[in-house]
Amino acid sequence: MTGIRSVIRGTGGYLPERVMSNAEISQIVETSDEWIQERTGIRQRHIAADDEMTSDLATHAAQRILKDAGIAAEQVDLIVLATTTPDKTFPATATAVQAKLGMGGGAAFDVQAVCSGFLFALATADSMLKTGLFKTALVIGAETFTRILDWSDRGTCVLFGDGAGGVVLTAETEADAGDRGVLTHHIRTDGTKSDLLHVDGGVSSTGTIGHVRMLGNQVFKHAVTNISSAINAVYDETGLTSDDVDWFVPHQANQRILNGVAKKMKLDESKVISTVGDHGNTSAASIPLALHTAVSDGRIEPGHLVLSEAMGGGFSWGASLFRI
Ligand code: ACO
């Protein structure tokens, strides 16, 4: 409506060096490679080194994003970082990234919507660019999620991994953007379902960090329904359909959820970008990591229409449509 569109100018990602296979995890809890692969599609996950913080992963990703775009850190005037696993209770992890990048001005803050965090951060940055408040935004999802896992709970510890990814957006006039850019979002939450997926600790409740607690099969049931309704909302708003979508870049929680949503929305399997096997569920980092994988291997090309979706703790969920 404002005549300004947020255009994705670069993507990037970072995965910590250490890889933990399903075989290795089978030595920690009673599980098997076969069970994990069959129920989730996950083969391995990356684990941050003891001295690596979320801001370190995010900074590595940010440097790669900016290099990809040919944009200098000084040009960035906004960082919106989605994370559930911040370096500290305060200040925002985004400000640590700001300092590490050497970006003096602008504003940097965190968004917390767990696995939907990247889409919430994208919607936030897009809205701020469209109002003219900022011109160049880094949108990052970064997690050291394995630090809030209960490594004796096989129902959760096999699912998650650490990582960071993101995009850089610039505010362009619609004339300059052409048909590129972020087209629309739909983000929603339902706090009444929070007990199905939450962390049992926090600053003002227990004074501890807590661990992830999840009723996985109940989360699974809500996931396909909520995600599909969000996708239908972005289709209704734009008049686009699954036939128009070139690539489906979902939150990488579980291959069965990805397949279930693709089937329900009549998205051909060949359009689905799946990286869950390589890094598990990296929460807010999973969408930008998958996006970056498919952009760098040449599948997603300029002009392609991308549909993304996520569902996570809160419950929070959403969908986004953008043309690269
Ligand atoms: N290895 C072996 N057996 C296991 C494991 C494991 N790692 N985990 C659970 N089981 C067992 C259970 O104990 C249960 O055994 P029982 O029948 O003897 O009681 C059996 O497997 C079936 O358990 P379910 O929980 O019903 O298994 P399900 O098929 O639902 O798969 C899973 C579990 C993979 C967690 C699935 O429910 C799921 O993926 N849910 C969605 C999770 C998700 O997507 N979360 C996204 C958001 S995360 C966020 O926002 C931070």
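One-based numbering, in listed order, for ligands and for the atoms of each.
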(request) Using a strict cut-off of less than 4.0 Å between a Lys/Arg side-chain nitrogen and an Asp/Glu carboxylate oxygen, indicate whether Asp243 and Lys266 qualify as a salt bridge. (result)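 Between Lys266 and Asp243 there is no salt bridge, as every charged N stays at least 4.0 Å from the carboxylate O atoms.
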
(message) I'd like to know if Glu24 pairs up with Arg18 as an ion pair, taking the criterion as any Lys NZ or Arg NE/NH1/NH2 lying under 4.0 Å from an Asp or Glu carboxylate oxygen.
(response) yes

Identify every side-chain donor-acceptor pair in residues 59-67 under 3.5 Å, counting partners at least two apart or on other chains, and give the distances.
from, atom 1, to, atom 2, distance (Å)
Thr59, OG1, Ser55, O, 2.6
Arg64, NH1, Gly13, O, 2.9

(request) For ligand 1, list the protein residues that place a heavy atom within a distance below 4.0 Å of one of its atoms, sorted by chain and number. (result)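 Its neighbours under 4.0 Å (heavy atoms only) are Glu30, Thr31, Trp35, Arg39, Thr40, Val114, Cys115, Phe145, Arg154, Gly155, Val158, Leu159, Phe160, Leu197, Met214, Gly216, Asn217, Val219, Phe220, Ala253, Asn254, Arg256, Ile257, Asn281, Met311, Gly312, Gly313, given by chain and number.
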
(message) Can you list everything that forms a salt bridge (Lys or Arg N to Asp or Glu O under 4.0 Å) with Arg43? Sequence neighbours excluded, please.
(response) Asp278

(request) Sorted by first residue and then second, give each side chain to side chain donor-acceptor pair (under 3.5 Å) pair with at least one member in residues 137-161; sequence neighbours left out. (result)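 As it turns out, the side chain to side chain donor-acceptor pair (under 3.5 Å) pairs with a partner in residues 137-161, which skip direct neighbours, are Thr54-Thr144, Thr83-Glu143, Thr84-Glu143, Thr85-Glu143, Glu143-Ser283, Thr146-Asp162, Asp150-Ser152, Asp150-Arg213, Asp153-Thr156.
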
(message) Just by distance, no angles: are the side chains of Glu34 and Ser32 close enough, under 3.5 Å, to form a donor-acceptor pair?
(response) no

